[in-house]
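Naming convention: chains lettered A, B, ... in sequence-line order (proteins, then strands); numbering from 1 in each chain. Atoms considered below: every heavy atom in the structure, side chains included; atoms not considered: hydrogens, waters and symmetry mates.
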Amino acid sequence: MAPQTYIADIAEFAGKKVTVAGWVYNKTGKGKLLFILLRDGTGIIQTVIFKGNVSEETFAACENLTQESSLQVTGVVTADARAKGGYELQAEHVEIVHIAADYPISPKEHGIDFLMDNRHLWLRSSKQHAVLKIRHDIIKAARNFFDSQGFTLVDAPIFTPNSCEGTTTLFETNYFDTKAYLTQSGQLYMEAAAMAFGKVYCFGPTFRAEKSKTRRHLTEFWMIEPEVAFFDLQQDMDLAEHMVEFIVGSVLENRRDELEVLERDISVLENITRPFPRIRYDEAVQMLKDAGADFKDDDDFGAADETIISEKFAKPVMITHYPAAVKAFYMKRDPQRPDRALCVDMIAPEGYGEIIGGGQREDDHDVLLQGLKKHNLPLEAFQWYLDIRKYGSVPHAGFGMGIERAVAWICGRSHIRETIPFPRTMYRLNP
RNA sequence: UCCGGUGUAGCUCAAUCGGCAGAGCGGGUGGCUGUUAACCACUAGGUUGUAGGUUCGAGUCCUACCACCGGAGCCA
């Protein structure tokens, strides 16, 4: 193939002859003049094909180009205010690579079911493209954050012999002659790893066989889960808000164009700076009651409750000290008030719900053992986990951030299914 | 799993009281030297989700099923 110039870099080549390779995003024309919006994955540029500037055959061939046909265009880059992006390419030579069949996604509106059936093609559309570019940046920023703070990436297994929490439904697989389950969290393994490396994180897919059917749920989603030895709840919260600030800052710095494509209100994101508000569960309950919500004491918050609380703050709010009864068995209890857990949920603003859940872990062997028994969990499967409390147990804490929920919030998307390339939901396994 | 909704051309949707199946976009053909979701003319395109029922007659009414959408619970 001819050496290729990417559209993202096109301004550097004004006045020069380049070859751009890509796909037809849209085509208009007027008689002897054709305008082809050419998309190459890095950007879109208007290509001008004038009958007098190319051969008869080339012009005739270009008239037959359909949406998403692939081609290489060689010509001079010119600045032109009439073109979107400010530059256009005056075609001299066009090499058609493939004429696309009738492309199903037109520039008009479509229903969500149709678009999801065509997700493999929908990825080419500008908004979907922007969301996934930002997703990439969020993941990169999160990893940069931990890497720069001395964390070690220690990936957790996907196949697990048991439930991490014992409560959520798991996807069961046939693992040779036994059963294995797809992981729903890497946390327990990170606790073991933290005792080996001090500061660790994992980043991988997690699976929940819950029949959840909301705009915030996927059956397969990605989590980044740090875990730190000799860390308490307060330090855990410091880390979480620092990470979120870093990620949002990185997206604002690197993905302005994409945020604009998504029509995201940037001022809202610019306000995401430390410190974030921190409230206790009891204060949150009081807020709900003051707002007139129908709330049962010692219950967990529902989606509507989270929205009411989050709307009181312009930044993500961290809620701590939930009733231990509604939280997982490994949460450490507050010594001051043993019916409360040393846990934290971070609720994103604008009603996007919980993006982070975490807390300090129970580090006493016997208390943890009691918790396992109370939850009717198979003790044999958790022996290795109890070992962490037998050999140099220390206070430790961590959290998990759901990547897709963070992407949905930062991108201002109303539904999580657009924040992962190929979403898996209760009703969708294809494409 | 529960509650509510939708299903008509490739796509987005109309179709009055139960009375001839329609439009825009997209496709095709022709025209146009500055288009931005171009415009103009012509044209092709239908098992009305599936199966049954009521009726002289069903896209429309009834029953069941299927698919999907929105919400709840659970969670990140």
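Rounded to the nearest Å, the gap between the C1' atom of B/A21 and that of B/A64 is 27 Å. Distance check on atom P: B/G26 versus B/A41 gives 14 Å, rounded to whole Å. The C1' atoms of B/A15 and B/G7 are separated by 16 Å, rounded to the nearest whole Å. Comparing B/U6 with B/U12, their C1' atoms sit 14 Å apart, to the nearest whole Å. B/A67 and B/C61 have their P atoms separated by 23 Å, with the value rounded to a whole Å. Spacing of C1' atoms, B/U36 relative to B/G49, comes out at 38 Å, to the nearest Å. Rounded to whole Å, the C1' atom of B/A37 lies 9 Å from the corresponding atom of B/C25. As rounded to the nearest Å, B/A38 and B/G28 have P atoms that lie 14 Å from one another.
Across all strands shown, B/C32 has no partner, as no Watson-Crick or G-U wobble contact with both distances under 3.5 Å is found. Of all nucleotides present, none satisfies the Watson-Crick or G-U wobble test against B/G18 with each distance under 3.5 Å. For B/A23, the paired base is B/U12 (Watson-Crick or G-U wobble, both distances below 3.5 Å). Across all strands shown, B/U63 forms a Watson-Crick or G-U wobble pair with B/A51, both key distances being under 3.5 Å. With both pairing distances under 3.5 Å, B/C68 is matched to B/G5 as a Watson-Crick or G-U wobble pair.
Rounded to whole Å, the distance from CD on A/Q67 to C1' on B/C25 is 12 Å. Note: CD (A/E220) to C1' (B/C75) measures 16 Å, nearest angstrom. Between the C1' atom of B/C39 and the CG atom of A/L34 lies a distance of 15 Å, rounded to the nearest Å. Across the protein-nucleic acid pair, A/D345 atom CG and B/C74 atom P stand 13 Å apart, rounded to whole Å. As rounded to whole Å, 15 Å separates atom C1' of B/A67 from atom CD1 of A/I112. For the pair A/L121 CG and B/C11 P, the computed distance is 13 Å after rounding to whole Å. Atom CZ of A/R413 is separated from atom C1' of B/A76 by 20 Å (rounded to the nearest Å). Per the geometry, CD1 belonging to A/I416 stands 13 Å off P belonging to B/G70, to the nearest Å.
Between A/E306 and A/E63, the one whose closest nucleotide on RNA chain B sits nearer the 5' end is A/E63. Between A/Q46 and A/H110, the one whose closest nucleotide on RNA chain B sits nearer the 5' end is A/H110.
Across all strands, A/I356 comes closer than 4.0 Å only to sugar-phosphate atoms, never to a base (heavy-atom distances). Nucleic acid contact for A/G29: base, since at least one base atom lies under 4.0 Å from a heavy atom of the residue. Residue A/A304 is classed as having no contact, given no heavy-atom separation below 4.0 Å to the nucleic acid. When heavy atoms are screened at a 4.0 angstrom cut-off, A/K213 is found touching base atoms of the nucleic acid. Contact annotation for A/E404: no contact, since no heavy-atom pair falls under 4.0 Å across all strands. Nucleic acid contact class of A/F114 (heavy atoms, under 4.0 Å, all strands): sugar-phosphate only. Nucleic acid contact class of A/G111 (heavy atoms, under 4.0 Å, all strands): sugar-phosphate only. At the heavy-atom level, A/G52 lies nowhere under 4.0 Å from the strands shown. Across all strands shown, A/R216 has heavy atoms under 4.0 Å from base atoms, whether or not it also approaches the sugar-phosphate.
If you check B/C75, B/U35, B/C11 against the side chain of A/R82, the one that comes closest is B/U35. Nearest nucleotide to the A/T28 side chain, out of B/U35, B/A76, B/A72: B/U35. Closest approach to the A/R208 side chain among B/C75, B/U35, B/U12 is made by B/C75 (side chain taken as heavy atoms from C-beta onward). For A/H217, taking side-chain heavy atoms from C-beta onward, the closest of the listed nucleotides B/U35, B/A76, B/C11 is B/A76. Of the candidates B/A76, B/U35, B/C69, the closest approach to any side-chain atom of A/E88 belongs to B/U35. Side-chain proximity of A/R405 to B/A76, B/C25, B/G34: nearest is B/A76. Minimum atom distance to the side chain of A/T214 is reached by B/C74, of the listed B/C69, B/G34, B/C74.
Between the side chains of A/Y330 and A/E191, no donor N or O sits under 3.5 Å from an acceptor N or O. Residues A/R278 and A/Q234 have side chains that bring a donor and an acceptor to within less than 3.5 angstrom of each other. Side-chain atoms of A/E88 and A/Q90 form a donor-acceptor pair, as typed in the model, at a separation below 3.5 Å. Between A/Q187 and A/E227, the side chains place no donor N or O within less than 3.5 Å of an acceptor N or O (distance only, hydrogens not considered).
Here A/F35 does not lie in a stacked arrangement on the base of B/G34, lacking the combination of planes under 30° and ring centres under 5.5 Å apart.
Dashed line: the shortest gap from a side-chain N or O of A/R417 to OP1 or OP2 of B/G70 is under 4.0 Å. OP1 or OP2 of B/A38 has at least one side-chain nitrogen or oxygen of A/N26 nearer than 4.0 Å. Taking side-chain N and O atoms only, A/K84 has a distance below 4.0 Å to OP1 or OP2 of B/A37. Considering only side-chain N and O atoms, A/K30 lies nowhere under 4.0 angstrom from the phosphate OP1 or OP2 of B/A38.
Less than 6.0 angstrom separates the ring centroid of A/W384 from the ring centroid of A/Y189. Annotation: A/F301 is in aromatic contact with A/Y322 [ring centroid separation under 6.0 Å]. Aromatic rings of A/F145 and A/Y201 (six-membered ring for Trp) have centroids beyond the 6.0 Å cut-off, not under it.
With respect to the salt-bridge test (charged N to carboxylate O, under 4.0 angstrom), the residues A/R264 and A/E350 qualify.
Under the 4.5 Å side-chain criterion, counting only non-hydrogen atoms from C-beta, A/V131 is not in contact with A/I134.
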